Amino acid sequence: MVLPNEPEFQQAYKELINALEDSTLFTEEPKYKKVIPVVSIPERIIQFRVAWENDKGEIEVNNGFRVQFNSALGPYKGGLRFHPSVNLSILKFLGFEQIFKNALTGLSMGGGKGGCDFNPKGRSDAEIRRFCVAFMRQLARYIGQDTDVPAGDIGVGGREIGFLFGAYKQMQNNWSGVLTGKGLNWGGSLIRPEATGYGVVYYVEKMIEKATGGKESFKGKKVAISGSGNVAQYAALKVIELGGTVVSLSDSKGSIISTEGITAEQVYEIADAKIKFKSLEEIVGNTASAAFTKNKVEYKAGARPWTLVEQIDIALPSATQNEVSGEEAKALVKAGCKFIAEGSNMGSTAEAIDVFEENRANQVWYAPGKAANCGGVAVSGLEMAQNSQRVSWTAEEVDNKLKNIMYTCFENCYETAQKYSKEKSDLPSLLKGANIAGFIKVADAMFDQGDVF
Ligand code: NDP
């Protein structure tokens, strides 16, 4: 049942249903229709009070959630988001997406998502630690390495995972891989921080190769990226490494633009300052910064990047949901953008997706987040595997596995789109391919396990 007061969840649900219905899947195999009403309701939703003490000795109270959506393929797996906008509609949409994304990695992981309407910005380390302990005091009884393995998302990075893990271990007297994104010297996996951003770029490498018959690559391409957090930072660094030009980054207050290209040095400086909750405006305006005084960038207050640059070849939305509107999608197409791949979850509005899909005939190719950003959870899956075996793989090993997962995910989306699309095209809809491929894998497991019959 999709409730009318859950707009984000409705949007994610409709995206899946439209992709399935506008294909040959249900006519070829009508049994799959029976899965829809079952898969669209979470197996369990946990909601809890998080009461904690701020630095003034006052009590603050927040709403905590965990949506354990589907465990057909493995333990529930999906991030925790700490942001004032968090509510059940957003977590249900993220958990729903996560089910099919995790299926696309080829690893054994179910789907879930959680978080809290806590705003970490401006909080001291001690406040964040006390909040994390209070949050885990409620969550600990519902998770476990074979039950539910949360990770990070917006507002939850390495520092928060450390505090949450420490609290879990003390409460349960149990060291296990119950969270991913851990520190490297205590069970974390190399390449996990990089994985989502790198993974998006690996996915787009394959899109460019397929669309141009191997004639083109990232080299020389102008790439607009939104966000300046974990996903955006590593996507930017990989694009620069592959010879592309990063023309933008952004945050919730504005964008930075550089037609010459944002440098790796600047990305590192942004990464350091973002941990301290600095805005891009403060970072680029810092006159003591060698990186930003040597190579000037333009700051545009209150604007997203999509309409600010005249020529864009590739767009990687990597901040938050619904960050590309229909009008902005049109502006991207006008600027020459041929490849759009979401680092963020549901980065494009339904109207924007329509614009991209309508322009496929003009060689515009769109990849939804559930496929393009599955690298993060994939390496979380690899972190779980290393924890179970008590081993650590080298960065090269993990990066190679990540590349392989992203390339296989692309081929799976491509081939599934060709198999089930009503129209035949050299650039089939990756939106349909991703949704159908993820759905079939989960649905088959649900039939086998008697969840649907
Ligand atoms: P971070 O918290 O590290 O960074 C988020 C970035 O997005 C920041 O630059 C933030 O700006 C900006 N942002 C957040 N909310 C808004 C908003 N409402 N409007 C404009 N900008 C906003 O998060 P991540 O990089 O981890 O996540 C980014 C996206 O990628 C999310 O959609 C997440 O679900 C998705 N994702 C993340 C994965 C991961 O492994 N981390 C895996 C798969 C998907 P500011 O600094 O001003 O707050």
Side-chain angles (χ1 to χ4, degrees), residues 8 12 77-86 90-91 93-98 101-102 104-105 109 111 113-115 118-122 150-161 179-181 188-189 191-200 203 225-236 248-256 267 270-271 273-283 301-306 316-325 328 341-348 368-383 402 406:
E8 291 86 1
K77 181 92 197 86
L80 296 171
R81 178 175 289 192
F82 291 168
H83 194 273
S85 65
V86 160
I90 289 179
L91 295 180
F93 118 64
L94 288 164
F96 192 61
E97 292 267 303
Q98 197 81 45
K101 178 192 312 200
N102 293 3
L104 289 171
T105 65
M109 297 181 287
K113 199 83 187 186
F118 166 69
N119 186 358
K121 276 189 194 153
D153 190 75
I154 292 178
V156 180
R159 168 183 46 197
E160 291 75 19
I161 293 290
L179 291 158
T180 56
S189 175
I191 306 293
R192 175 60 190 93
E194 294 87 343
T196 309
Y198 280 15
V200 177
Y203 193 94
I225 301 178
S226 64
S228 49
N230 172 267
V231 179
Q233 289 162 18
Y234 286 106
S248 70
L249 289 171
S250 69
D251 65 11
S252 51
K253 295 202 175 125
S255 298
I256 55 170
V267 177
I270 290 170
K274 277 286 168 190
I275 294 182
K276 294 166 208 138
F277 303 117
K278 291 251 163 49
S279 67
L280 283 177
E281 187 173 19
E282 290 171 286
I283 299 166
R304 296 194 287 225
W306 318 125
L316 307 178
S318 302
T320 190
Q321 65 271 7
N322 289 328
E323 53 167 327
V324 187
S325 67
E328 287 167 322
E342 292 172 347
S344 49
N345 287 307
M346 210 164 74
S348 307
K370 60 169 71 74
N373 73 32
C374 77
V377 73
V379 174
S380 279
L382 301 180
E383 184 173 328
L402 169 64
M406 296 315 298

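Start at 1 and go down the list; that is how both ligands and their atoms are numbered. Computed from a predicted model, the values in this text were never measured in an experiment.
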Please verify whether a non-hydrogen atom of K274 lies at under 4.0 Å from ligand 1.
yes

Once rounded to the nearest 0.5 Å, what's the spacing between atom CG of L280 and atom OG of S255?
8.0 Å

Compute whether any side-chain donor of one residue and acceptor of the other, for N345 and K101, lie under 3.5 angstrom apart.
yes

To the nearest 0.5 Å, tell me how far D251 CG sits from K278 NZ.
13.0 Å

Mind checking the OG1-CE spacing from T320 to M346? Nearest 0.5 Å is all I need.
9.0 Å

Restricting to non-hydrogen atoms, name the atom on S279 and the atom on K274 that form the minimum distance, rounded to 0.1 Å.
CA-NZ, 3.9 Å

May I ask you to check if ligand 1 and N345 share an N or O to N or O distance below 3.5 Å?
yes

Heavy-atom proximity to atom 39 (C) of ligand 1, best of L280, L249, T196:
T196

Side-chain donor-acceptor pair under 3.5 Å between E383 and S380, yes or no?
no

Could you establish whether S380 and ligand 1 come within less than 4.0 Å of each other, counting only heavy atoms on the residue side?
no

Atom 33 (C) of ligand 1 has as its nearest protein heavy atom D153 OD1, 3.2 Å

Taking only heavy atoms of S228 into account, list the atoms of ligand 1 that are under 4.0 Å away from them.
9 (O)

Nearest heavy-atom contact between A151 and T180 is CB-OG1, 3.2 Å

Please determine, by modelled atom types, if S344 and E323 share a side-chain donor-acceptor pair under 3.5 angstrom.
yes

Under 4.0 Å, counting heavy atoms only: does G343 come that close to any atom of ligand 1?
yes

Out of curiosity, L94 CG to L80 CG, how far, rounded to the nearest 0.5 Å?
11.0 Å

Distance under 4.0 Å to a non-hydrogen atom of S250: what atoms of ligand 1 satisfy this?
9 (O)

Note: heavy atom closest to atom 31 (C) of ligand 1, options A319, A372, S318, S252, belongs to A319

Short list, please: which atoms of ligand 1 are under 4.0 Å from a heavy atom of S344?
29 (C), 30 (O), 32 (O), 35 (C)

Does Q233 have a heavy atom less than 4.0 Å from any atom of ligand 1?
no

Identify the protein heavy atom lying closest to atom 41 (N) of ligand 1, giving its residue, its atom name and the separation to 0.1 Å.
N230 OD1, 3.5 Å

At a 4.0 Å cut-off, with the gap strictly under it, does some heavy atom of K121 reach an atom of ligand 1?
yes

Pull out every atom of ligand 1 sitting under 4.0 Å from any heavy atom of T320, numbered as shown with elements.
15 (N), 16 (C), 17 (C), 18 (N), 19 (N), 32 (O)

Test side-chain hydrogen bond (donor to acceptor under 3.5 Å, both in side chains) on S348 and E342 and set out the steps.
CA-CA 8 Å; S348 307; E342 292 172 347; 2.7 Å; yes

So for ligand 1, is N373 a polar contact partner (N or O within less than 3.5 Å, distance only)?
no

Look at atom 4 (O) of ligand 1 and say which protein heavy atom is nearest, naming residue and atom and giving the distance to 0.1 Å.
G229 CA, 3.3 Å

Look up atom CZ in R192 and atom OH in Y234, then write down how far apart they are to the nearest 0.5 Å.
11.0 Å

Any N or O of R81 closer than 3.5 Å to N or O of ligand 1:
yes

Between G152 and ligand 1, is there a nitrogen or oxygen pair with a distance under 3.5 Å?
no

From OG (S252) to NZ (K121), nearest 0.5 Å:
3.5 Å

What atoms in ligand 1 come closer than 4.0 Å to a heavy atom of G155?
2 (O)

Between F93 and Q321 the two heavy atoms that sit nearest each other are CZ-CB, 3.8 Å

Give yes if a backbone or side-chain nitrogen or oxygen of V231 is under 3.5 Å from a nitrogen or oxygen of ligand 1, and no if not.
yes

Give a yes/no on ligand 1: does R192 have at least one heavy atom closer than 4.0 angstrom to it?
yes

